[in-house]
Amino acid sequence: MPELLEVEAYRRQAEATVGRTIVRVELFDPAYWRGERRPDELEGATVEGTRRIGKLALLDTDAGTLGLRFGMTGRLLVDGAASIDQLVYTSGRDLPEWHRVAVRFRDGTTMTLTDPRRLGWVELDPDETRLGPDAVSVRPAVLREVLGSSSAPLKARLMDQKHLAGLGNLLTDEILWRAALDPTREARSLTPVEVRRLHRNMSRVIADLGHRGGSHTGDLQAARSPGAQCPRDGRPLRRDSVGGRTTYWCPHHQR
DNA sequence: CCGGATGTTCACCT
DNA sequence: GAGGTGAACATCCG
């Protein structure tokens, strides 16, 4: 389920672990750990804070930074509880065999990453420089630079994590639908006025869907099925592949 | 049985 | 170097 909104919810949950000392990192799925540094290097480390860049959640400790990647179906359980994800595609179900990593703390509590599809991973000291500015805080001028240098389709550029971090397939479709912009347009073809409009709607969609409960709560999401109509003007929606992802959009008002 | 799925990465083209 | 496509990863769901 995770795009930026869900990962932010997980980060907030992980805030509860700040100040706790790690006694053990249990790896139920060895393939889930990536990178040079090993999980046991975290034993005895204390969590000092949490951060998020795009879809990457970070736990800073005095022995390094633990990076959490959730793939498409990863979730975080802190102290046995999941965050606000009643609307997950799995209907909130959680099976023990989906548990990939557990971080045990000295006070007896546990933080678990559960992920049925195993497309996520965990890493100590991940390379944060591979990510562009976070979509939540990006300034309009920076967004203009991100778009202005690219001949890629607008949607593909917005989802390219090394240029702009955090937007996934659902958020991006919703943002472009609300901003009335054609996802297939060349990114650099946007006028300054259109970039402003895009930026404004990006912020609005992130805020609105955050309140509603996640990336899947958009107006367009409800219409994500074959033969669906645009919730704004009732015209037939198109279903195309843009940037390698299924894209729903309204050719009537998105231009 | 089949197709599709909120993500990332890689090989192979142009 | 940039960008596109398709595949792979592994599993669940309708």
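Letters A, B, ... mirror the listed sequences (proteins, then strands); counts begin at 1.
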Asker: Looking at T73(A), I'd like to know whether one of its side-chain N or O atoms comes within less than 4.0 Å of OP1 or OP2 on dA5(B).
Answerer: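 No, T73(A) has no side-chain N/O under 4.0 Å of OP1/OP2 on dA5(B).
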Asker: E186(A) and S151(A): side-chain donor and acceptor closer than 3.5 Å?
Answerer: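 Result is no, nothing qualifies.
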Asker: Tell me the interatomic distance from M72(A), atom CE, to dC12(C), atom C1', rounded to whole angstroms.
Answerer: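 Between C1' of dC12(C) and CE of M72(A): 11 Å.
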Asker: Heavy-atom count around R185(A) CZ within 6.0 Å, excluding the residue itself: above 12?
Answerer: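 Yes.
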Asker: Pairs counted only when both distances fall under 3.5 Å, Watson-Crick or G-U: show me the 5' to 3' dot-bracket for DNA chain B, [ ] for pseudoknotted crossings and | for other-strand partners.
Answerer: .||||.||||||||
Asker: Does the Lys NZ or Arg CZ of R100(A) fall within the cation-pi geometry relative to F28(A) - under 6.0 Å from the ring centre and within 45° of the axis?
Answerer: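 Pair R100(A)/F28(A) does not count as cation-pi.
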Asker: Does the side chain of D182(A) pick up a donor-acceptor pair with the side chain of W249(A) at under 3.5 Å?
Answerer: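 Absent: no donor and acceptor within the cut-off.
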Asker: Output the rounded distance in Å from CZ (R118(A)) to P (dA10(C)).
Answerer: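 Roughly 6 Å, once rounded to whole Å.
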Asker: For nucleotides 8-11 of chain B, print each protein N/O atom paired with a nucleotide N/O atom at under 3.5 Å, atom names and distance only.
Answerer:
from, atom 1, to, atom 2, distance (Å)
dT8(B), OP1, R69(A), NH1, 2.9
dT8(B), OP2, K55(A), NZ, 3.1

Asker: Indicate the ring-plane relationship of H253(A) and W177(A), choosing parallel, tilted or perpendicular according to the 30° and 60° boundaries.
Answerer: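 Plane angle over 60°, so perpendicular.
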Asker: Would you say that L76(A) contacts F70(A) through its side chain, given a criterion of any heavy-atom pair below 4.5 Å between the two side chains?
Answerer: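 In short, these two side chains touch, coming nearer than 4.5 Å.
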Asker: Among D115(A), D29(A), L68(A), find the one that has a side-chain contact (heavy atoms from CB on, under 4.5 Å) with V122(A).
Answerer: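 That would be L68(A).
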Asker: In whole Å, I'd like the distance from the CZ atom of R100(A) to the C1' atom of dC9(C).
Answerer: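 So the CZ-C1' distance, R100(A) to dC9(C), works out to 12 Å.
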Asker: Answer yes if the side chains of T61(A) and E48(A) hold a donor-acceptor pair under 3.5 Å, and no otherwise.
Answerer: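 No, because no side-chain N or O of T61(A) sits under 3.5 Å from a partner of the opposite role on E48(A).
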Asker: Using the P atom as the point on both nucleotides, what is the distance between dG3(B) and dG6(C), in whole Å?
Answerer: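 Pairwise P distance, dG6(C) against dG3(B), rounds to 15 Å.
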Asker: I need the single residue from D173(A), T184(A), L167(A), D160(A) that forms a side-chain contact (heavy atoms from CB on, under 4.5 Å) with K155(A). Which is it?
Answerer: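 Only one of D173(A), T184(A), L167(A), D160(A) forms a side-chain contact (heavy atoms from CB on, under 4.5 Å) with K155(A), namely D173(A).
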Asker: To the nearest Å, give me how far apart CG (L113(A)) and P (dA10(C)) are.
Answerer: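 Result: 17 Å.
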Asker: Quick check: do L220(A) and L237(A) have side-chain heavy atoms less than 4.5 Å from each other?
Answerer: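 Counting from C-beta outward, L220(A) and L237(A) do come under 4.5 Å.
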Asker: Is there a path of hydrophobic side-chain contacts, each under 4.5 Å between heavy atoms of I/L/V/M/F/W/Y residues, joining L143(A) to I206(A)?
Answerer: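 Yes, it is one cluster - the side chains of I206(A) and L143(A) are joined through contacts under 4.5 Å.
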Asker: Each nucleotide N or O in nucleotides 1-5 of chain C that has a protein N or O under 3.5 Å away: list the pair and distance.
Answerer:
from, atom 1, to, atom 2, distance (Å)
dG3(C), OP1, S150(A), OG, 2.9
dG3(C), OP1, S151(A), N, 3.3
dG3(C), OP2, R157(A), NH1, 3.4
dG4(C), OP1, P153(A), N, 3.3

Asker: Please state how far atom CD in E97(A) lies from atom P in dC12(C), giving the value in whole angstrom units.
Answerer: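 Checked: the CD to P distance equals 7 Å.
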